[in-house]
Amino acid sequence: MKISQIPSIKINDLEKQVNQVKKSDTENAFGKLIENVRVAQNESAKLTDKFISGEDIELHEVMIAGEKAKTSFELLMEIRNKTLDMYRELTRISV
């Protein structure tokens, strides 16, 4: 039985593949995510202000908007943390 050689992966090949991904696509995706977080936080703040001022807003609407804003912000922070971890790992590997 013949054992075939494991194909080697060159760093240059990986860099070429990474560079093929358009920066504008990733920038747009992150930009949209950040914009969605900002919109959720603004909506939560508006509903909170309306509730405090005595307008006809139910408490559960305020709580739901606050949780949406909190969850979207936490998701954004986790994506940022994982991206930084990935970058650190890649720089460690390439050294």
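Note that the coordinates shown come from a computational prediction; the quantities given were computed from them, not determined experimentally.
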If you measure from [atom1] on [X] to [atom2] on [Y], what distance do you get to the nearest 0.5 Å?
X	Y	atom1	atom2	answer
D56	F51	CG	CZ	10.5 Å
M63	L47	CE	CG	12.0 Å
I64	E43	CD1	CD	12.0 Å

In terms of hydrophobic clusters joined by side-chain contacts under 4.5 Å, are L59 and I52 together? no
Could you pull out all residues at least two apart from E35 that satisfy salt bridge (Lys or Arg N to Asp or Glu O under 4.0 Å)? R38
Result block: side-chain N/O donor-acceptor pairs under 3.5 angstrom for residues 67-82, not counting sequence neighbours:
unit_1 : atom_1 : unit_2 : atom_2 : d
T71    : OG1    : E67    : O      : 2.8
S72    : OG     : K68    : O      : 3.1
S72    : OG     : A69    : O      : 3.0
N81    : ND2    : M77    : O      : 3.3

State whether E89 and R92 are salt-bridged, where the test is any N-O pair (Lys NZ or Arg NE/NH1/NH2 against Asp/Glu carboxylate O) under 4.0 Å. yes
Taking only Lys NZ, Arg NE, NH1 and NH2, and the carboxylate oxygens of Asp or Glu, determine whether D49 and K46 approach each other closer than 4.0 Å. no
